[in-house]
Amino acid sequence: MLQVWNLCLLGLLTQVRTSKALRDVSGFDTAPPKIAIIGGGIGGTSTAYFLKELFEDNAIIDLYESGAIGGRLATLPIAGYNYEVGGSIIHPKNQYMVDFTSKFGLQKSRACSGNVGLFNGEEYVYRDDSYKFVNFVKLLWRYGWDVYRLKQLTDEMLTNFARIYTLQTEGHAYQNVTSLLYDMDPMFSKMTHNSSAAWLKGFGFHDLMISELITAVTLCNYGQTPDVHAFVGSVAVAAADPQLWSVRGGNKRVAEELLKHSRAAYLRRLVAEITPNGQGHFKVTSSETETPDSRVFSEENPSNIADSDLRSQDYDIVVIAAPLTKDNNNIKFVNFTKEFDFPGHYERIICTMVQGKVTPESLLLTPDDAIDEILVTNPKLMFNSFGKQCPVDAHDYSYDNPDVWKIFSSAPLEEDQLNIFFSKRNSTNVIDWLAYPHYDSDQKLGDFELLPGMYHVNAIEWAGSAMEMSIIGAKNVALLAYKYWLQNPNAGMKMPLKDEL
Ligand SMILES: Cc1cc2nc3c(=O)[nH]c(=O)nc-3n(C[C@H](O)[C@H](O)[C@H](O)COP(=O)(O)OP(=O)(O)OC[C@H]3O[C@@H](n4cnc5c(N)ncnc54)[C@H](O)[C@@H]3O)c2cc1C
């Protein structure tokens with residue numbers, strides 16, 4: 001018996017020595033931190049991935065997700081194909097999405113694009129032609145040089161936006177969104193205190209351009225008018241790029257791969273509460289979700305909490321990678337000495353997916369009109385956009401695919417309204433999203449660092465909500481957590497890239 005005991009002790013000592021040796025090699029002289037990430041969307045999964053990169057294998061990471069991995073990146077099967085119903089298009093200059101897609105061996109698909117019409121409820125104020133050159137001339141004819149100047153302004157912004165990749169590679173991290181924007185370009189933080197319309201007017205843009213083109217892109221991308229702040233307005237304008245793309249098989253595949261490569265433990269649980277637990281620890285209390293995928297397409301649903309199954313775990317670091325707003329938080333912060341003050345609320349956006357035959361006349365079109373995407377310039381209409389969809393899994397975008405249409409609206413569409421738009425419907429699916437922040441013209445921006453050791457990725461959404469923005473927020477938070485754990489503001493810093501060359 002004594003021999004068995006000695007053997008066990010020897011085994012334990014060897015284990016302790018091995019892990020100590022590992023920590024010494026990588027420069028860590030304390031036990032690995034235990035980190036909780038709450039949320040398995042692109043923000044949470046990329047946080048897990050970046051933490052794994054920074055800590056190498058010297059961190060224990062648990063990722064809590066009560067719905068499906070991907071969060072607001074989700075696909076829906078219709079007639080044997082799958083369709084994006086959440087975040088769907090990616091800008092060619094979204095460097096993290098480009099890199100992850102290639103690193104994980106995923107393929108890019110050209111974004112589904114057809115002829116666009118701008119509709120004001122009474123007529124089409126602009127319609128695409130099949131020839132690109134003609135389109136440019138038509139746009140110039142209606143909006144004059146504003147079209148050219150908008151492209152110039154957007155290109156300039158994108159160049160300055162790209163500075164974040166250098167800053168983050170060098171290891172810079174920011175406690176709040178304002179300072180992150182400021183370091184990219186001091187103008188960016190100013191833009192969050194001015195409406196998009198006022199900002200563009202300040203540059204000499206004309207009312208027609210703002211009331212039509214800019215309104216159409218802000219309504220289509222954020223369900224809001226150019227009263228949104230100018231930074232997010234510019235993100236919406238950038239989303240009108242002709243080279244947009246998406247991930248074959250669905251954008252959510254990037255989140256799935258990030259989780260896999262991070263080697264974080266995936267806990268299918270709903271976090272109900274976070275409590276400080278003394279000595280810089282946090283207690284995270286969660287419950288099993290009744291059916292893991294029941295919330296894939298909906299906002300947080302408290303009815304999923306099974307009280308009997310509450311479980312608490314202690315962590316050194318907690319990262320919240322889900323929206324936290326003034327009006328609606330499913331996570332309670334209990335016994336903190338500090339009051340957390342989160343901005344505003346999220347916009348409800350209804351995504352109605354219909355496989356069926358459109359009645360062209362209901363959209364003031366003739367059967368010969370080749371319009372595939374209707375954007376609206378009038379916020380009072382019953383929809384914000386109405387467009388033909390391509391599946392995520394087709395090898396090319398031939399129009400032999402089933403006739404599937406996506407309608408974005410701020411309120412659910414009634415049966416009789418749908419019957420006006422469609423002469424025949426094979427299937428109708430409704431996805432009710434709490435989609436993105438309701439933006440003000442003078443926006444209160446959030447904090448990434450809620451407390452030392454507790455971070456919030458989605459603070460970045462108040463500057464602009466997009467997949468790439470969540471990844472930038474994730475990288476920032478991973479760097480903050482790393483510096484905090486090593487108690488060294490220079491941890492993770494590299495020489496400025498230009499000096500290295
Ligand atoms: C309809 C729509 C269209 C969009 N179009 C585009 C687009 O074309 N291009 C683009 O770049 N972006 C687009 N976006 C925005 C983009 O999808 C989001 O900005 C991005 O996906 C947010 O990712 P996230 O991980 O930060 O948050 P989420 O994807 O919301 O992830 C948060 C996760 O946390 C989980 N969670 C929440 N609370 C808890 C809890 N208490 N316990 C455990 N888990 C919890 C949720 O289930 C969720 O999965 C669109 C969004 C919507 C809704």
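All ligand and atom numbering here is 1-based and tracks the order in the structure. No experiment lies behind these values; they were computed from the predicted model shown.
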- Task: Could you tell me whether a side-chain N or O of Tyr439 sits under 3.5 Å from a main-chain N or O of Tyr222, the two making a donor and an acceptor?
- Result: no

- Query: Is there a nitrogen or oxygen of Glu65 sitting under 3.5 Å from a nitrogen or oxygen of ligand 1?
  - Reply: yes

- Just wondering, do Tyr96 and Ile472 contact through their side chains at under 4.5 Å, heavy atoms? yes

- Run the ring-centre check on Tyr315 versus Phe282 and record whether the distance is less than 6.0 Å. no

- Message: Yes or no: does Ile331 have any heavy atom under 4.0 Å from an atom of ligand 1?
- Response: yes

- Query: Under 4.0 Å from any heavy atom of Gly71, which atoms of ligand 1 are there?
  - Reply: 29 (O), 48 (C), 49 (O)

- Taking the side chain as every heavy atom from C-beta outward, state whether Thr75 and Lys252 have any atom pair closer than 4.5 Å. yes

- Item | Salt bridge flag under 4.0 Å for residues Asp341 and Lys444 | yes

- Message: I'd like to check which ligand 1 atoms, numbered from 1 as shown, lie under 4.0 Å from a non-hydrogen atom of Ser470.
- Response: 22 (C), 23 (O), 24 (P), 26 (O)

- Taking only non-hydrogen atoms of Gly43 and a 4.0 Å limit, the atoms of ligand 1 in range are 24 (P), 25 (O)

- Query: Can you list the atoms of ligand 1 that are under 4.0 Å from a heavy atom of Gly70?
  - Reply: 29 (O)

- Task: Give a yes or no on whether the backbone of Gly453 and the side-chain of Tyr455 come within a donor-acceptor separation of less than 3.5 Å.
- Result: yes

- Sub-3.5 Å donor-acceptor pair from the side chain of Trp433 to the main-chain atoms of Cys351, do we have one? no

- Going by heavy atoms, is Ala474 under 4.0 Å from ligand 1? no

- Message: Looking at Asn251 and Ser88, would you say the former's side chain and the latter's main chain have a donor-acceptor pair under 3.5 Å?
- Response: yes

- Query: Can you tell me if Leu270 has a non-hydrogen atom under 4.0 Å from ligand 1?
  - Reply: yes

- Check each atom of ligand 1 against the heavy atoms of Ser66 and keep those under 4.0 Å away; list them by number with element. 43 (C), 44 (N), 45 (C), 47 (O)

- Message: Measuring from non-hydrogen atoms of Met97 to any atom of ligand 1, is the shortest distance under 4.0 Å?
- Response: no

- Ile38 contact mode with ligand 1 (heavy-atom cut-off under 4.0 Å): side chain

- Item | N/O separation below 3.5 Å, Trp433 to ligand 1 | no

- Task: Please confirm whether Ile349 comes within less than 3.5 Å of ligand 1 when only nitrogen or oxygen atoms on both sides are compared.
- Result: no

- Would you say Ile42 has any N or O atom under 3.5 Å from an N or O of ligand 1, going by distance alone? yes

- Query: Can you list the atoms of ligand 1 that are under 4.0 Å from a heavy atom of Arg269?
  - Reply: 42 (N), 43 (C)

- Message: Please tell me whether Phe408 and Phe383 form a close aromatic pair, meaning their ring centres lie under 6.0 Å apart.
- Response: no

- Query: Taking His438 for the side chain and Gln224 for the main chain, is one N or O donor matched with an acceptor at less than 3.5 Å?
  - Reply: no

- Item | N or O contact, Met467 vs ligand 1, cut-off under 3.5 Å | yes

- Item | Structural part of Ala321 in contact with ligand 1, heavy atom criterion under 4.0 angstrom | backbone

- Task: Give the numbers and elements of all ligand 1 atoms closer than 4.0 Å to a heavy atom of Asn458.
- Result: 24 (P), 26 (O), 27 (O)

- Ion pair check, Arg425 and Glu415, cut-off under 4.0 Å: yes

- Who gets closest to atom 2 (C) of ligand 1 by heavy atom: Gly464, Gly67, Ser465, Gly86? Gly86

- Number the atoms of ligand 1 from 1 as they appear, then name those within less than 4.0 Å of a heavy atom of Gly39, with their elements. 33 (C), 34 (O), 35 (C)

- Val271, any N or O under 3.5 Å of ligand 1 N or O: yes

- Run the contact test for Ser88 against ligand 1 with a 4.0 Å cut-off on heavy atoms, strictly below, and give the result. yes

- Looking only at distance, does Leu73 have an N or O less than 3.5 Å from an N or O of ligand 1? no

- Query: How far apart are the C-alpha atoms of Tyr346 and Tyr436, what are their side-chain angles, what is the distance that settles it, and do they pass the ring-ring contact (aromatic ring centres under 6.0 Å, His included) test?
  - Reply: CA-CA 5 Å; Tyr346 271 44; Tyr436 8 68; 8.1 Å; no

- Task: State whether the side chain of Asn458 and the backbone N or O of Ala322 hold a donor-acceptor pair below 3.5 Å, judged by distance alone.
- Result: yes

- Query: Under the 3.5 angstrom rule, does the side chain of Asp316 hit a backbone N or O of Lys34 as a donor-acceptor pair?
  - Reply: yes

